[in-house]
Amino acid sequence: MTNHLNDIRNARAIIMFGSNAAEAHPVAMQHILAAKEKNAAPLIVVDPRFTRTAAKADVYVRLRSGTDVALVMGLVREIVRNGWHDRDFIDKRTFGFEEVMKVADHYTPEEVQRITGVEPALLKRVARLLADNRPGTLIWCMGGTQHSHGNNITRSYCILQLVLGNMGKAGGGANVIRGHDNVQGATDMCILSNSLPGYYGLSDGAFKHWAQVWKVDFEWLKGRFDLAYDKKQHNKKGFTMARWYEGVLQPKEKIDQRDNIRALFYWGIAMESQSQMHRVKKALEKLELLVLVDPFVPSAAVVPDRKNGTYLLPASTQFENEGSVTATARQLQWRYPVLEPQYDSRPDHWIMFELTKRLGFGQEFAKNIKKWPDDCLEEWRSGLQTIGYTGQTVERLKRQRDNAHTFDLVTLRANGGPCDGEYYGLPWPCWTTDHPGTPILYDMSKPVMEGGLPFRARFGTEYKGRPLLAAKGVTMPGSRADGGYPEFKGVVKGTNWKTDLSDKTFRAALSKGMAPFGNARARMYVWTFPDPVPIHREPIQTPRPDLLADYPTYPDKKLQYRVDTAFASAQKADTSKSYPLILTTGRIVQHMGGGAETRANRWLSELAPEMYAEVNPRTANDYGLMDGDWIWVESPQKGRIKVKVKVTLRVDPYTIFLPYHFGGVFEGVSRIDRFPEGTAPYVVGESGNVVTNYGYDVVTQMQETKTGLCQIRKA
Ligand SMILES: Nc1nc2c(c(=O)[nH]1)N[C@H]1C(S)=C(S)[C@@H](COP(=O)(O)OP(=O)(O)OC[C@H]3O[C@@H](n4cnc5c(=O)[nH]c(N)nc54)[C@H](O)[C@@H]3O)O[C@H]1N2
Ligand SMILES: Nc1nc2c(c(=O)[nH]1)N[C@H]1C(S)=C(S)[C@@H](COP(=O)(O)OP(=O)(O)OC[C@H]3O[C@@H](n4cnc5c(=O)[nH]c(N)nc54)[C@H](O)[C@@H]3O)O[C@H]1N2
Ligand SMILES: [Mo]
């Protein structure tokens with residue numbers, strides 16, 4: 001999020017893409033409803049389903065799943081044609097407007113309608129509302145990301161906000177509201193296969209930086225990788241969460257490592273969360289060793305047919321743990337334990353440390369840790385310069401937690417008291433131990449020492465002779481620079497602002513009222529991405545083969561994250577005739593993720609006890625189905641589930657919606673009797689992800705779980 005949840009209260013308009021906050025983020029929804037009521041901010045909800053969030057909208061836009069880019073580019077075109085764009089902001093603080101308009105001009109209202117199904121009059125109405133009510137916030141969530149061109153979709157949202165001049169302002173911003181309580185923290189630590197912590201990448205320079213922080217030898221660190229297979233193995237991306245199982249199922253010549261994956265830790269992961277789960281099940285069966293670290297017994301323990309080699313390690317829950325967690329708005333919060341770890345359970349860090357010690361390298365990595373968990377945060381913040389995760393000391397976080405009542409609800413700022421002037425959660429960047437945090441990114445109305453910030457100068461000073469730094473006059477109060485400037489060089493010899501482990505470079509910049517990472521233009525034209533300006537591309541499994549000539553997917557990719565990824569070749573196998581319905585998936589308020597926690601809760605199970613498929617009345621009538629009937633849903637990849645029909649107008653006649661929170665039943669057969677005694681959840685059900693389709697984002701490999709195809713028939 002560039003802004004924060006509470007700041008939504010400042011919005012004059014709210015547009016939500018693929019976010020059902022009423023169910024998935026009920027607290028965020030409170031702020032949204034407050035803005036709607038207090039500011040008379042129009043609420044626009046763009047979603048293929050008429051959700052509980054859509055029910056609160058002033059304007060509901062139903063579009064075909066997977067077509068957001070066309071709609072958004074159509075909005076950009078409409079806004080610019082009417083002269084409603086923020087010319088000054090675009091001229092001085094952005095890069096690539098001409099290229100954007102070359103693309104946007106293609107998305108006429110008629111073309112938008114052809115792709116998305118949205119009527120021209122509705123498109124125009126939304127454009128007008130956004131133009132007339134500024135600043136407006138743009139919120140998105142999984143409906144915008146779980147697509148094979150999800151990277152295009154989310155970038156188009158940001159372009160819309162830049163064109164409207166809504167960035168860097170209270171009440172504006174490009175705001176993705178994220179998932180689990182610490183998902184932002186997990187991303188910042190880069191629990192990913194393509195980067196080291198703090199988004200440093202996988203270069204030798206990145207490894208050297210962290211070797212210095214961890215006080216370990218660089219060569220030793222490199223030596224943890226299979227350098228005999230490839231001496232650059234440490235610089236290569238690993239498998240992703242979405243496709244790890246290909247490392248088990250593909251022949252070994254087809255993957256970019258010495259051998260197949262033979263052992264797996266599912267550490268707080270639900271098999272129900274992975275698309276094509278019938279293939280995941282096969283891989284889980286083929287593994288020699290499977291270790292499940294979880295407070296509950298997950299389905300992975302009972303659904304795959306395994307005889308030996310499965311271990312359950314009982315992890316304690318968040319209530320039994322202490323440490324810092326980072327929320328969606330880059331805010332850190334100290335979490336005190338509510339109780340001691342119960343029964344035989346142990347905190348995740350304890351399990352991890354004991355394991356690494358036994359594997360022979362734990363002690364080496366834990367040199368700096370004398371006191372858990374305090375020293376862990378202290379170590380992290382000594383190396384996380386890139387995002388300014390550096391000023392958040394344990395002491396400051398605990399003080400904030402203990403004085404949470406002294407902070408303002410809307411600005412997040414403490415008004416007097418021991419945290420006077422700080423923002424709650426010391427949102428990063430929080431450059432130094434006396435910096436208050438940055439609640440709104442790129443807000444140039446404030447001095448840098450009060451949370452002000454320009455856009456980051458990450459890609460040099462110019463591109464093909466055109467300036468990348470902000471124009472003259474783009475400055476913040478108290479800054480010594482009148483206009484753009486590049487990243488700061490390190491004050492300590494041989495360093496730059498990202499690798500200087502002292503705070504000297506930061507202080508040098510802050511003392512001049514400037515940002516360590518420079519003052520640049522936001523790139524709307526991103527030459528490093530497959531599509532420099534977002535364009536529409538049909539989903540891999542498209543219901544509209546007639547659009548493929550104009551909007552094909554990407555060419556196939558070789559060895560992306562160690563395994564080939566099919567795009568064009570997968571799309572060519574047109575499955576839309578036999579699988580005529582669009583399949584989309586998502587959440588309901590009563591359950592969480594794969595449902596291990598919530599289906600083990602009696603009351604939530606009572607509220608939502610059954611797996612089901614949402615079917616439009618017209619479709620139900622065409623297929624001869626009544627509410628409560630059993631159907632088989634089948635995917636082009638031959639996954640199939642037996643579920644009950646819920647007849648509802650939430651979906652259109654072409655779409656089937658499935659929640660993905662159920663598990664423990666596979667192809668119509670319950671496996672509840674396989675749970676160890678006393679550990680079975682209250683309710684089980686078929687997993688929606690057995691029928692989600694093949695398809696992955698071209699950059700991130702996010703699974704295409706929001707747009708696929710399926711067929712249904714009466715069971
Ligand atoms: N109760 C509950 N709350 C949760 C979770 C949970 O499991 N249960 N999970 C948490 C996590 S991890 C996350 S990431 C968030 C997710 O929160 P959300 O993303 O809000 O939840 P979803 O239901 O997955 O998807 C949101 C909407 O996207 C729509 N959609 C599908 N395809 C498209 C499309 O192409 N375009 C557009 N514009 N919309 C589309 C769907 O119809 C759906 O209504 O929720 C978090 N909160
Ligand atoms: N079809 C479809 N699939 C999806 C999505 C979708 O919208 N549609 N959404 C995707 C998204 S956004 C996400 S984030 C994933 C979520 O997928 P997962 O993260 O895999 O699912 P969860 O059920 O949220 O959590 C997994 C496990 O963590 C355990 N757990 C809880 N607390 C702790 C703890 O403190 N320690 C340990 N070790 N374990 C713990 C829970 O008991 C649970 O078994 O699903 C993805 N899959
Ligand atoms: Mo998520």
Side-chain angles (χ1 to χ4, degrees), residues 16-26 28 45-54 61-69 71-72 116 139-147 150 153 157 176-183 186 241-242 265-275 277 292-300 313-321 328 345-348 351-352 539 582-600 604 608 614 650-651 655 657-661 663 687-693 702-708:
M16 302 175 75
F17 290 93
S19 159
N20 184 10
E23 301 211 52
H25 300 95
V45 172
V46 184
D47 196 304
R49 282 170 70 225
F50 187 78
T51 59
R52 289 180 178 181
T53 309
V61 181
R62 198 197 285 275
L63 84 178
R64 174 167 67 92
S65 179
T67 64
D68 292 50
V69 172
L71 180 77
V72 174
T116 65
I139 293 169
W140 81 84
C141 207
M142 291 302 109
T145 66
Q146 293 172 1
H147 300 280
I153 299 176
Y157 299 155
V176 52
I177 36 182
R178 305 201 58 189
H180 297 83
D181 64 348
N182 189 36
V183 65
M241 226 341 265
F265 271 77
Y266 248 1
W267 206 305
I269 303 283
M271 72 182 289
E272 293 94 335
S273 65
Q274 303 211 253
S275 65
M277 200 197 96
L292 306 165
V293 191
D294 206 294
F296 296 89
V297 176
S299 312
L313 305 185
S316 44
T317 62
Q318 56 186 312
F319 307 107
E320 302 153 81
N321 275 322
T328 184
S345 75
R346 292 284 183 278
D348 289 298
I351 301 173
M352 206 172 287
I582 299 174
L583 176 75
T584 188
T585 58
R587 294 163 168 82
I588 58 176
V589 69
Q590 298 89 344
H591 287 299
M592 177 68 197
E597 296 156 281
T598 46
R599 287 186 290 102
L604 293 172
E614 289 181 2
R650 273 179 226 164
V651 286
T655 305
F657 168 82
L658 302 171
Y660 82 100
H661 309 298
S687 298
N689 266 322
V690 172
V691 288
T692 43
N693 295 189
M702 167 65 94
Q703 54 196 20
E704 192 157 53
T705 27
K706 291 286 184 252
T707 316

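Hydrogens, waters and symmetry mates are skipped; everything else that's a heavy atom, side chains included, is used. Order of appearance sets the numbers: ligands from 1, and atoms from 1 within every ligand.
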Contact atoms of ligand 2, heavy-atom distance to Trp267 under 4.0 Å: 38 (N)
Gln146, portion touching ligand 1 at heavy-atom distance under 4.0 Å: neither
Sub-3.5 Å N/O-N/O distance, Asp294 and ligand 2: yes
Name of the residue among Leu71, Leu63, Thr145 meeting side chain to side chain contact (heavy atoms under 4.5 Å, CB included) with Phe17: Leu71
Region of Ala270 engaging ligand 2 - heavy atom pairs below 4.0 Å: both
Shortest protein contact, atom 11 (C) of ligand 1 (heavy atom only): Gly179 CA, 3.2 Å
Pairwise side-chain contact, Trp267 with Ile351, heavy-atom cut-off 4.5 Å (strictly under): yes
Contact atoms of ligand 1, heavy-atom distance to Thr51 under 4.0 Å: 44 (O)
Protein residue, atom and distance nearest to atom 34 (C) of ligand 2, heavy-atom basis: Asp348 OD2, 3.6 Å
Ligand 1 versus His147: contacting region, heavy-atom distance under 4.0 Å: side chain
Pick from Thr598, Val690, Thr585: the one approaching atom 8 (N) of ligand 2 most closely through a non-hydrogen atom: Thr585
Protein contact of atom 3 (N) of ligand 2 - nearest heavy atom, named by residue and atom, plus distance: Asn689 ND2, 3.0 Å
Shortest protein contact, atom 33 (C) of ligand 1 (heavy atom only): Gly143 O, 3.4 Å
Identity and distance of the protein heavy atom lying nearest atom 26 (C) of ligand 2: Gly268 O, 3.1 Å
Tyr660 N/O under 3.5 Å from ligand 2 N/O: yes
Protein residue, atom and distance nearest to atom 40 (C) of ligand 1, heavy-atom basis: Pro48 CD, 3.2 Å
Which of the ligand 1 atoms, numbered from 1, are nearer than 4.0 Å to a heavy atom of His25: 15 (C), 17 (O), 45 (O), 46 (C)
Numbering as shown, the atoms of ligand 1 that approach His180 to under 4.0 Å (heavy-atom distance): 12 (S)
Residue portion contacting ligand 2 (non-hydrogen atoms closer than 4.0 Å) for Glu272: neither
Within-shell test, Arg64 vs ligand 1, heavy atom, strictly < 4.0 Å: no
Gly593-ligand 2 polar pair, N/O distance under 3.5 Å: no
Within-shell test, Arg587 vs ligand 2, heavy atom, strictly < 4.0 Å: yes
Minimum non-hydrogen distance to atom 35 (O) of ligand 2, winning option of Gly18, Gly688, Ser316: Ser316
Heavy-atom nearest neighbour in the protein, as seen from atom 18 (P) of ligand 1, with distance rounded to 0.1 Å: Cys141 SG, 3.5 Å
For atom 32 (N) of ligand 1, closest protein heavy-atom neighbour: Ser65 OG, 3.1 Å
Min N/O separation Met142 to ligand 2 under 3.5 Å: no
Ligand-side contact atoms (ligand 1) for residue partner Val589, heavy atom cut-off under 4.0 Å: 1 (N)
Nearest protein heavy atom with distance in Å, relative to atom 4 (C) of ligand 1: Ala24 O, 3.5 Å
Backbone or side-chain N or O of Lys706 under 3.5 Å from ligand 2 N or O: yes
Proximity flag Gln274 to ligand 2, non-hydrogen atoms under 4.0 Å: no
Distance from atom 44 (O) of ligand 1 to nearest protein heavy atom, with residue and atom: Asp47 OD2, 2.7 Å
Ligand 2 contact on Ser273 by region, counting heavy-atom pairs under 4.0 Å: both
Ile177 contact mode with ligand 1 (heavy-atom cut-off under 4.0 Å): neither
Min heavy-atom dist Gly144 to ligand 1 below 4.0 Å: no
Polar contact flag for Val46 and ligand 1 (N/O pairs, less than 3.5 Å): yes
Closest protein heavy atom to atom 30 (N) of ligand 2, given as residue, atom name and distance to 0.1 Å: Pro295 CD, 3.5 Å
Atom 20 (O) of ligand 1: the protein heavy-atom neighbour that sits closest, reported with distance to 0.1 Å: Asn20 N, 2.8 Å
His591 neighbourhood, listing ligand 1 atoms whose heavy-atom distance to it stays under 4.0 Å: 1 (N), 2 (C), 6 (C), 7 (O), 8 (N)
N/O separation below 3.5 Å, Val293 to ligand 2: yes
Ligand 1 contact on Asp68 by region, counting heavy-atom pairs under 4.0 Å: side chain
Nearest protein heavy atom with distance in Å, relative to atom 31 (C) of ligand 2: Glu597 OE2, 3.6 Å
Residue, atom name and distance, where the atom is the protein heavy atom closest to atom 23 (O) of ligand 2: Gly594 N, 2.8 Å
Contact atoms of ligand 1, heavy-atom distance to Gly66 under 4.0 Å: 34 (C), 35 (O)
